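A quick write-up on the structure given underneath.
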Amino acid sequence: MKQIKDFKLAEKHDFGRSVVLRLRSEKPLPEILPGQFVQVRVDGSPSTYLRRPISIHNVDTQKNEIDLLVQQVGEGTRHLAAASVGDLINIVLPLGNGFSMPEKGEKVLLVGGGIGIAPLFYFAKVLNENSVQPVLLLGGKTKSDLLRLEEYRRLGETFVTTEDGSLGEKGFVTMHSVWKERTFDKIYVCGPKPMMKAVAKIATEKEIWCEVSLENLMACGLGACLCCVEDTTEGHVCVCKEGPVFNTRRLKW
Amino acid sequence: MVNTTIDLGRGLVLRNPVMTASGTFGYGEEYTDFVDLSQLGGIIVKGTTLHPREGNPYPRMAETPSGMLNCVGLQNKGVQYFIDTIYPRIRDFDTNVLLNLSGSTLEDYVKGAEMVNELEKIPAIELNVSCPNVKQGGMAFGVTTTGIAQVVSEVRKVYHKHLMVKLSPNVTNIAEIALAAETAGADSVSLINTLMGMAIDAEKRKPKLSVITGGLSGACVKPVALRMVWQVAKAVKIPVVGLGGISNATDAVEFMLAGASAIEIGTANFIDPAVSAKIARGIIEYCEHHGFQNVTDLIGALEC
């Protein structure tokens, strides 16, 4: 069941342009699936009238905590990143469908680009809890884009690319040697659209099942306003409700 | 105890003056985790046309100061789909379920209204002659007195329940349009639909919306909406339903003081999905605080 609730900012970890907000609720959290997202209210600025859709980076059900990895890209995210520990932040959650869980024994690759690595953290954690060891392939423009890398490494074998070669293999995630050396049953992708399209193309060529997590401009986040549509084989569907995760076969890419 | 009942005429009786605006509340189902629908006077479901529409391409939304632009373009699966698939799911909601009906030709409006007239649990149509986001028809009917008179009188012939007509603010004299709707047989008018606007991305030198222009809604339109409700309420005898930027109970009360018999909550549903029921409670608190026994006492009670 979806809820609207106030969270207290319990901890804040700065990563330069990005920040991890650890948000604590007094009451138990609803069940949250990896790949689902929240709509965050940003108070105190007329230019941030609507809520901001942000993916769920991690969940601690024992402590009623969620982590959001927020990259400062505009007014709303700048305001959020400037919040102080102890501030109340109003959130609607959980929204959207989430990633499909793989079967035990399937070889799973998670591909993340830039801030798109955020939801893969929680997904990798839940996969571990379900005895699936994912391989992670994370890409950024430069070294500093790849946040919390050591923690990702704990959740699975992790490969890295950077466009400037400052860490891992130089180039895009699609150019990494892991594609030649390994085979996978399922690929899950979150990142910039051109990157997701490029990975989806590889998946299609190799005939591998592939899910991508899309990001579109949203108003309601509930499937009511029909603003965030994606063109699919079934016509326009809402990314907020029928997504954000889509099997690439459904998309007109 | 404050009596909150509002009788809009021809069988449309609301338990309180708060309804949710078309296109902002889906089919009600999307909001049941947040709002007990029995706390509302009514919900007006998504704009529906006789034939299915895919709507406009993405991007369909741009945030603006204290508001937003949209150019959804009436994406919907058509009246027959509504009747077969959605109506059975929502017909027993414990509130009035109104259908917002739109069209691009006179024939489409009439045929759609005929079909909806048969739905036992839909007590009213909100006739949308004011959508700014479709190329043909839609708003074209709503911006001239002859256009609105024509579509309202034709629909009136086939639709025998409450006929509410949603007015466009994109006109020079909205009172004149409202009067034409009344004369042609409307039971009430609701206003305002969105204001035509646009947004530009200066860095990319491109419009932010796929079809360049869109409809502006949200808190920023409230003063315009309030003024228009006040003008229309003075001009017509039928009830006026006010909407445009209502975000809290005080806003709602202001619309009623300006002459609205009921109100609709639109874009505010996106910001606080529970806001509609809060506003319904807030109106009662206002009445208690100011010693009004009946919510109807607020209608047009502006002192000026």
Side-chain angles (χ1 to χ4, degrees), chain A residues 1-6 30-31 38-53 73-77 79 90-96 193 214-243 251-252, chain B residues 20-35 43 45-47 52-77 133 199 208-210 214 216-220 245 247 266-275 278:
Chain A
M1 189 162 162
K2 299 182 194 81
Q3 299 181 352
I4 174 168
K5 60 202 304 175
D6 281 331
E31 189 194 1
V38 300
Q39 280 266 62
V40 184
R41 182 152 177 177
V42 186
D43 285 324
S45 162
S47 57
T48 49
Y49 184 63
L50 299 168
R51 287 174 182 267
R52 292 296 185 271
V73 287
E75 279 287 308
T77 44
H79 255 82
N90 187 266
I91 284 176
V92 179
L93 85 168
L95 302 172
K193 214 169 204 173
L214 302 183
E215 177 183 54
N216 275 357
L217 287 170
M218 288 177 190
C220 72
L222 302 168
C225 71
L226 312 185
C227 286
C228 66
V229 292
E230 187 71 24
D231 206 8
T232 71
T233 52
E234 305 118 74
H236 285 135
V237 304
C238 287
V239 167
C240 68
K241 193 180 177 187
E242 301 207 33
L251 299 171
K252 286 188 172 172
Chain B
T20 54
S22 174
T24 67
F25 209 67
Y27 296 99
E29 298 165 306
E30 294 84 347
Y31 283 81
T32 49
D33 283 353
F34 308 103
V35 180
I43 63 171
V45 302
K46 173 70 191 160
R53 288 181 55 92
E54 267 301 307
N56 288 321
Y58 180 85
R60 294 175 168 186
M61 190 274 281
E63 193 176 30
T64 58
S66 298
M68 61 177 278
L69 289 158
N70 88 81
C71 63
V72 170
L74 288 171
Q75 178 181 328
N76 78 97
K77 292 184 175 168
N133 296 325
K208 287 189 178 177
L209 298 175
S210 63
L216 181 67
S217 65
C220 61
S247 309
T267 305
N269 290 309
F270 303 158
I271 294 142
D272 178 358
V275 75
K278 287 181 195 165

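What you see is a predicted model, and the numbers here were worked out from it, not measured in a lab. In the text below, chain A, chain B and the rest are named by the order of the sequence lines, each starting its count at 1.
Annotation: maximal heavy-atom pairing with chain A below 4.5 Å, among B:Pro273, B:Ala274, B:Gly67, occurs at B:Gly67. Note on A:Cys227, A:Cys228, A:Gly221, A:Cys220: by heavy-atom pairs under 4.5 Å with chain B, the leading option is A:Cys227. Interface check for chain A: of the options B:Ser66, B:Pro57, B:Gly26, the most heavy-atom pairs under 4.5 Å are formed by B:Ser66.
There is no contact between A:Asn90 and chain B, counting heavy-atom distances below 4.5 Å. Within the 4.5 angstrom heavy-atom criterion, atoms from both the backbone and the side chain of A:Val229 approach chain B. B:Tyr27 does not touch chain A: none of its heavy atoms, backbone or side chain, sits under 4.5 Å away. For B:Phe34, the part lying under 4.5 angstrom from a heavy atom of chain A is the side chain only. In this structure, chain A has no heavy atom under 4.5 Å from any part of B:Ala62. Contacts of A:Gln3 with chain B are made by backbone atoms alone, with heavy-atom separations under 4.5 Å and no side-chain atom involved.
Nearest heavy atoms, A:Met218 versus A:Leu50: O-CD1, 4.3 Å. Of all heavy-atom pairs spanning B:Glu30 and A:Leu222, the tightest one is CG-O, 3.4 Å. In this structure, B:Asn56 and B:Gly73 approach most closely via the heavy-atom pair ND2-CA, 3.6 Å. Between B:Asp272 and A:Arg51 the shortest heavy-atom distance is CA-NH2, 4.4 Å.
Here the side chain of A:Asn216 pairs no donor or acceptor atom with the backbone of A:Val239 at under 3.5 angstrom.
With no hydrogens or angles considered, a side-chain donor-acceptor pair links B:Asn269 and B:Thr24 at under 3.5 Å.
Listed by first then second residue, pairs satisfying salt bridge (Lys or Arg N to Asp or Glu O under 4.0 Å) with a partner in residues 56-74 of chain B read A:Arg52-B:Glu63, not counting sequence neighbours.
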